[in-house]
Amino acid sequence: MAAPRRLFFFNAGLLRQARLRRILSLAGHELHLGLPGPEDGVVVWGRSPYAARGEAVARRRGVPLFRLEDAFLRSVRPGRVDKDGPLGVFLDTGVHFDASQPTALEAALNAPADPALLARARTGIARLRALELSKYNDFDPDAPLPPPGFVLVVDQVKGDASLRHCGAGADVFDRMLAAARTENPGARIVIKTHPETAAGLRPGHLTGAEMIAGGSPWRLLERAARVYTVSSQLGFEAILTGHRPRVFGAPFYAGWGLSEDEIALPRRTGRPTAEHLFAAAMIQTPLWYDPCRDRLCSFEEAVDQLEAETRVWREDRHGHIATGMRLWKRGRLQAVFGRHAPLRFRPDPVRAAAEAAATGTSLLVWAGKEPPGLHAPMIRRVEDGFLRSRGLGAELVPPLSLVADDAGIYYDPTRESRLERLILAPPPPGAQERIMRLVARLTEGGLSKYNLGGNLPDLPEGHRILVPGQVEDDASLRLGGGTVRRNADLLRAARTAHPGAILVYKPHPDVEAGLRPGAIDAAEADVVATQADAMALILACDEVWTMTSLLGFEALLRGRPVTCLGAPFYAGWGLTTDLHPPPPRRAPRPLWQVAHAALITYPRYYDPVSRRPCPTEVVVDRLQQGNLPKPCMGNRLLAKAQGAFASRAHLWRQ
């Protein structure tokens, strides 16, 4: 049954939960206080104690009753401590954990499955397992787990509505634990506590055996020999990992032939596969919400968002010491890396490293400011990402993406970087389809690192070679430039190799603006494309010759051959003509895999509109729409103040 447009509510929770109200509004519903009319409905939260008020009004007024409940990917932290609200909800006449009445989820499982939906489900299952995402995600995926072969018994919190309405008796947890011991004599019994119990929010039922609170639920299930549950979501995830769990209640996943059930559920006549179960529970029936773009979204987009938010929690929850950061950058750095624990900025890198070692936190250092021999337990080198902004960093435009590399840094080929490891690693499920969609948007929208726009000059006919100039004191040239590290030498090399070609020289934007060194007279060039649109130039030229410029990577994305005289991050994978030997640790990889690592998994993205971590696609939206913050006067004053202070300090040291 479709819910009416006007829904009346009778508990304060919906007044406090702005996101729930917004999800319902986007789904076409209006929330009201008062008494419903004959064309209206009543909405309550699941089977909570406060739902009785709305249930009574719906009965008296003869209008339909609808129940809200969290979807199975909710948030990073449990609802009792998370202030933002869920990423998804169910809105239905029933509730998934109560088998006493039918639900839309049950109807979807009794119906035939669509093959396209099952394909999405297979990718979705694989992706959640690879990303280690569950309903709540404030666990350490690297936490130690018992060796394989144990029997897993899943505990739940006392007094939860899912237990009161799952058809199990008061002694069900004792009976379940006893059954696990009886049916698996001599086996190691491991009890998985609920996240809210582990956080000290609500007590569980089981004690007296080996307890495990943290760690990835997916890895835990992969190691378990058998799984016992009453109605926990881990029973659902157990099915997705290939188990046939023993189920002592009547949750949504019981009664379909995928579990060993204590309670008979004759109404559930379908025999779905695990993929069909996932499709119904995760794709068909929930309402998913995108908090950055403030709209309803697909399951896959909800996963994108939860992946971004969970990554931030996992990497930043212990806090960071930061050094080598310019004053004007600190606001954005705090927003990106200080969401869960404020950054502590320290000017002296040696003292910052010592403090990081003493406190057990990681050290963030701006990559170009890392002094030789710096030691800390974990050093993450920070740099701008490859979809940075609409405007130059040298003009104090804050970045939309940053990388924090715990191995090296992408522009330094003398040592391995995290980006290289990501390129060499097996890509996550669905990676190729996602990056192909993203690259299509970038190329169709003419998007690049800085997105400065500009004109396209008249170009002579002939074989055109785009030669991008660079900032000549840039670290990428100093560390990876090979024997050619000057713009004039790059032009001469291109002319020597192609004496009859049309050389189109594009000065670097920072050099054009007079902010960085590298200006030349470009005598070897046939065209000097000043103030030109770099992406339009790539499409207008037949190939690109570069030292280490990012324009080489952007040209590869647009199907142009690229010759490298240095060793940028995109060289050495069999995609470029490399005149300077790339690191031998690199091996041939398809372009989509290099692009996926560089644009999706390596950087972290920040949405300045919602002020949240976000997936790459949100930043692409912002760059296309242009609703981005401009450099503020405060940034300029901070930059000038730090520059003046640094100059005076240099004089004192002389």
Side-chain angles (χ1 to χ4, degrees), residues 46-47 69 72 90 92 94-113 121 125 134-135 150-158 160-185 187 189-192 194 204-206 217-218 220-222 224-282 284-285:
R47 284 285 193 174
E69 187 59 60
F72 301 131
F90 294 102
D92 198 355
V95 65
H96 63 79
F97 53 74
D98 181 1
S100 66
Q101 58 186 129
T103 62
L105 175 51
E106 193 174 280
L109 288 167
N110 274 323
I125 294 168
S134 186
K135 184 175 184 179
F150 55 86
V151 173
L152 184 65
V153 179
V154 184
D155 197 10
Q156 293 175 243
V157 294
K158 289 183 177 179
D160 195 73
S162 67
L163 294 177
R164 293 197 306 271
H165 296 277
C166 78
D171 64 342
V172 64
F173 284 90
D174 292 334
R175 289 192 293 108
M176 177 174 64
L177 183 57
R181 287 172 171 156
T182 301
E183 295 167 8
N184 304 276
I189 305 294
V190 174
I191 295 173
K192 175 67 174 76
H194 190 276
H205 296 82
L206 298 175
W218 294 104
L220 190 66
L221 290 165
E222 287 163 3
R226 295 193 71 188
V227 177
Y228 288 70
T229 184
V230 176
S231 63
S232 169
Q233 183 173 317
L234 258 69
F236 171 48
E237 292 166 342
I239 291 171
L240 303 180
T241 54
H243 286 283
R244 185 179 173 83
R246 284 272 275 125
V247 180
F248 287 73
F252 73 93
Y253 52 83
W256 306 106
L258 298 170
S259 54
E260 297 179 29
D261 304 320
E262 288 287 299
I263 298 174
L265 296 164
R267 191 176 64 238
R268 298 180 178 177
T269 58
R271 286 297 173 261
T273 62
E275 290 82 6
H276 188 181
L277 178 67
F278 184 91
M282 303 295 267
Q284 285 180 277
T285 53

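Counting from 1, the numbers follow the sequence of the chain as shown.
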task: Would you check, one step at a time, whether the test ring-ring contact (aromatic ring centres under 6.0 Å, His included) holds for Tyr253 with Phe72?
output: CA-CA 12 Å; Tyr253 52 83; Phe72 301 131; 8.7 Å; no

Which heavy atom of [X] sits nearest a heavy atom of [Y], and at what distance?
{"X": "Phe248", "Y": "Ala179", "result": "CZ-CB, 3.9 Å"}
{"X": "Ala180", "Y": "Val151", "result": "CB-CG1, 4.2 Å"}
{"X": "Lys192", "Y": "Leu152", "result": "CB-CD1, 3.9 Å"}
{"X": "Gln156", "Y": "Ser162", "result": "NE2-OG, 3.8 Å"}
{"X": "Ala168", "Y": "Gly249", "result": "CB-CA, 4.4 Å"}
{"X": "Ser100", "Y": "Arg47", "result": "OG-NH2, 4.1 Å"}

What is the distance from atom [atom1] of [X] to atom [atom2] of [Y], rounded to the nearest 0.5 Å?
{"X": "Arg271", "Y": "Leu109", "atom1": "CZ", "atom2": "CG", "answer": "11.0 Å"}
{"X": "Asp155", "Y": "Leu206", "atom1": "CG", "atom2": "CG", "answer": "4.0 Å"}
{"X": "Ser231", "Y": "Arg164", "atom1": "OG", "atom2": "CZ", "answer": "11.5 Å"}
{"X": "Arg268", "Y": "Leu258", "atom1": "CZ", "atom2": "CG", "answer": "11.5 Å"}
{"X": "Arg267", "Y": "Asn110", "atom1": "CZ", "atom2": "CG", "answer": "8.5 Å"}
{"X": "Phe97", "Y": "His165", "atom1": "CZ", "atom2": "NE2", "answer": "6.5 Å"}

Using side-chain heavy atoms (C-beta onward) and a distance below 4.5 Å, is [X] in contact with [Y]?
{"X": "Phe90", "Y": "Val95", "result": "no"}
{"X": "Val230", "Y": "Leu163", "result": "yes"}
{"X": "Phe236", "Y": "Met282", "result": "yes"}
{"X": "Leu234", "Y": "Val227", "result": "no"}
{"X": "Leu220", "Y": "Phe150", "result": "yes"}
{"X": "Trp256", "Y": "Glu106", "result": "yes"}
{"X": "Glu183", "Y": "Tyr228", "result": "yes"}
{"X": "Ile125", "Y": "Glu275", "result": "yes"}

Distance-only, no hydrogens or angles: does the [X] side chain make a donor-acceptor pair with backbone N or O of [Y] under 3.5 Å?
{"X": "Ser259", "Y": "Ala254", "result": "no"}
{"X": "Asp92", "Y": "Ala104", "result": "yes"}
{"X": "Arg226", "Y": "Val153", "result": "no"}
{"X": "His243", "Y": "Leu221", "result": "yes"}
{"X": "Asp261", "Y": "Ala250", "result": "no"}

message: Taking Arg246 first and then Glu262, would you say they form a salt bridge - that is, a charged N and a carboxylate O separated by under 4.0 Å?
response: yes

- request: Go through Arg181 and Ile189 one step at a time and tell me if the side chain to side chain contact (heavy atoms under 4.5 Å, CB included) criterion holds.
  value: CA-CA 7 Å; Arg181 287 172 171 156; Ile189 305 294; 4.1 Å; yes

query: Can you check side chain to side chain contact (heavy atoms under 4.5 Å, CB included) on Phe278 and Leu240, steps first, answer last?
result: CA-CA 8 Å; Phe278 184 91; Leu240 303 180; 3.6 Å; yes

